[in-house]
Amino acid sequence: MIYLFENAAQIITVDTGGINSKPGSQMKNIGILTNHSIVVENGIIKDFVKSGGKKRSIDKKIDLRKKTLMPGFVECHTHTAFAGSRSNEFRQKLSGVGYEEIAKNGGGINTTVKAVRNSTFDELLQIIQPRIDYFISQGITTLEIKSGYGLSFYDEIKLLQVINQLNRNNPIEIVATFLGAHTYPNEYNNDHVKYNEIIINEMLPYIAENKLAEFCDAFCEVTAFSADEVDKIFSAAAKHGLKLKLHTEQFNNIGGLDVALNHQAVSVDHLEVISDSDTNKMVDTNTVSVLLPGVSFFLNYNYAPARKLIDKGATVALSTDFNPGSSHISNLNLIMSLAALKMNMSIEETISAVTINAAKAINRNQSTGSLEIGKKADFSVFDTEDFSDIVYQVGKNLNCITVKEGEIIYSR
Ligand code: NIG
Ligand code: FE
């Protein structure tokens, strides 16, 4: 089938000239086309043609009615697979109790672990599905979801199976990440060695053999895993063929960044407290810096040094980090506005950060994240004639059509 998407006010291609990423100063160039249409054949971008140009055979025309077409957004860091609520802890935080303090007292991530362990496979599918619908309604066509709230062999596998089932049930691509090293489950609080052994000797082999996850992530932090523990987990995960990601330099700088870079991690995420000199390490590397301003907003602390990273030449992506404890935010549009307002990113840079660079953070940049001939026809269409509105209209979902591999999967 050949489709023509025509009459867009603007087509934002985020063209990379075939490089499929936008480091540093490239992030501001988002490739704005006017008076153009896109030809899609069998789900793949075939051509960009001038409006009113030469006729070609088309099976179906889709009139975009002066709206703005962009690459489908890529949500590259989420903890969408959770159950229960942490509104009580949110109340505690509002009255001055810190996020790390709640975690140290056995709450935080472990509160959600209890709720996930008490939920069946089917219950989890039901709880999570509306969250995916909401992402799709925002124009998100590729979504990463981590495990990390099971923290036992049985419950981590259950969560990954849920994430894989959600991928089969939904029209977008859902990428699964294993986060067994999210924190120590309460029952292993006094035996960290044993829990690391379970991850390395039991969970990772089963996950790899059954292809339940593509990435292995960990949380390198004082309240979670040390750099040395992450190093061992990463070595084992890499041996099993999993690609790596790391939550690091969120509250403390305890050596996670170096471990991740030594292992050529696909991304390092958070970086709220990355040191000035360490920002240099993010230049001329294939590792993407995934920044999560929703966490800084929700926990009311440092924003990551986006300006410094971009000005030096790092490849920066943005994500919601949607989770029940540190960023109960699933609105990517709000994240783009926070990045602009609080981290000094330009509107164009926020767009590169949620498209091609986010795709690179989950190793999908060869197939999606920008509109280039030969890539997937993954689009989001916004109800505006000017892409600036997407960031300027804070918290408002302007997406009105989501297209995955050439097919309309959502419209309003
Ligand atoms: O990315 N940093 C660790 N993990 C999550 C928070 C998870 C939670 O609090 O439930 C994060 O911020
Ligand atoms: Fe996270």
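Bear in mind the structure is a predicted one, so any value in this text is a computation, not a measurement. The figures that follow rest on heavy atoms only: side chains count, while hydrogens, waters and symmetry mates do not. First listed ligand is number 1; within each ligand, the first listed atom is number 1.
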What are the protein N, O or S atoms, given as residue plus atom name, that sit under 2.8 Å from the Fe ion (ligand 2)? His77 NE2, His79 NE2, His247 NE2, Asp321 OD1
Note the single closest protein heavy atom to atom 10 (O) of ligand 1, along with its residue, its atom name and the distance in Å. Tyr149 OH, 2.6 Å
Basic-acidic side-chain contact under 4.0 Å: Lys66, Glu385: no
For atom 4 (N) of ligand 1, the option (of His182, His247, Lys146, Glu89) bearing the nearest heavy atom: His182
If you have a sec, work out which protein heavy atom is nearest atom 2 (N) of ligand 1 and how many Å separate them, to one decimal? Gln250 OE1, 2.8 Å
heavy-atom search around atom 9 (O) of ligand 1 in the protein gives Tyr99 OH, 2.4 Å
Any nitrogen or oxygen of Thr112, main chain or side chain, under 3.5 Å from a nitrogen or oxygen of ligand 1? no
Return the residue, atom name and 0.1 Å-rounded distance of the protein heavy atom closest to atom 12 (O) of ligand 1. Ser326 OG, 2.5 Å
Establish, from distance only, whether the side-chain atoms of Asp122 and Gln126 form a donor-acceptor pair under 3.5 Å. no
Is the cationic atom of Lys194 (NZ for Lys, CZ for Arg) positioned less than 6.0 Å from the six-membered ring centroid of Tyr188 and within 45 degrees of its normal? no
the protein heavy atom lying closest to atom 11 (C) of ligand 1 turns out to be Asp321 OD2, 3.1 Å
Give the atoms of ligand 1, by number and element, whose distance to some non-hydrogen atom of His79 is under 4.0 Å. 1 (O), 4 (N), 5 (C), 11 (C)
Within 4.0 Å of some non-hydrogen atom of His77, the atoms of ligand 1 are 1 (O)
Ring-face cation of Lys245 near Phe215 (centre distance under 6.0 Å, axis angle within 45°): yes
Centroid-to-centroid, Phe322 to Phe82, below 6.0 Å? yes
Would you call Arg117-Glu187 a salt bridge at under 4.0 Å N-O? yes
Can you confirm whether or not the ring centre of His328 sits under 6.0 Å from the ring centre of His79? no
Can you name the side-chain contact (heavy atoms from CB on, under 4.5 Å) partners of Lys281, sequence neighbours left out? Leu257, Asp258, Leu261, Asp278
Indicate yes or no: at least one non-hydrogen side-chain atom of Thr402 is less than 4.5 angstrom from one of Asn399. yes
Can you name the atoms of ligand 1, numbered from 1 with element, that are less than 4.0 Å from a heavy atom of Ile109? 7 (C), 8 (C), 9 (O), 10 (O)
Looking at ligand 1, is there an atom of it that comes within less than 4.0 Å of some heavy atom belonging to Glu221? no
Ring centroid separation for Phe73 and Phe135, is it under 6.0 angstrom? no
Aromatic contact between Tyr301 and Tyr99, with the criterion being ring centroids under 6.0 Å apart: yes or no? no
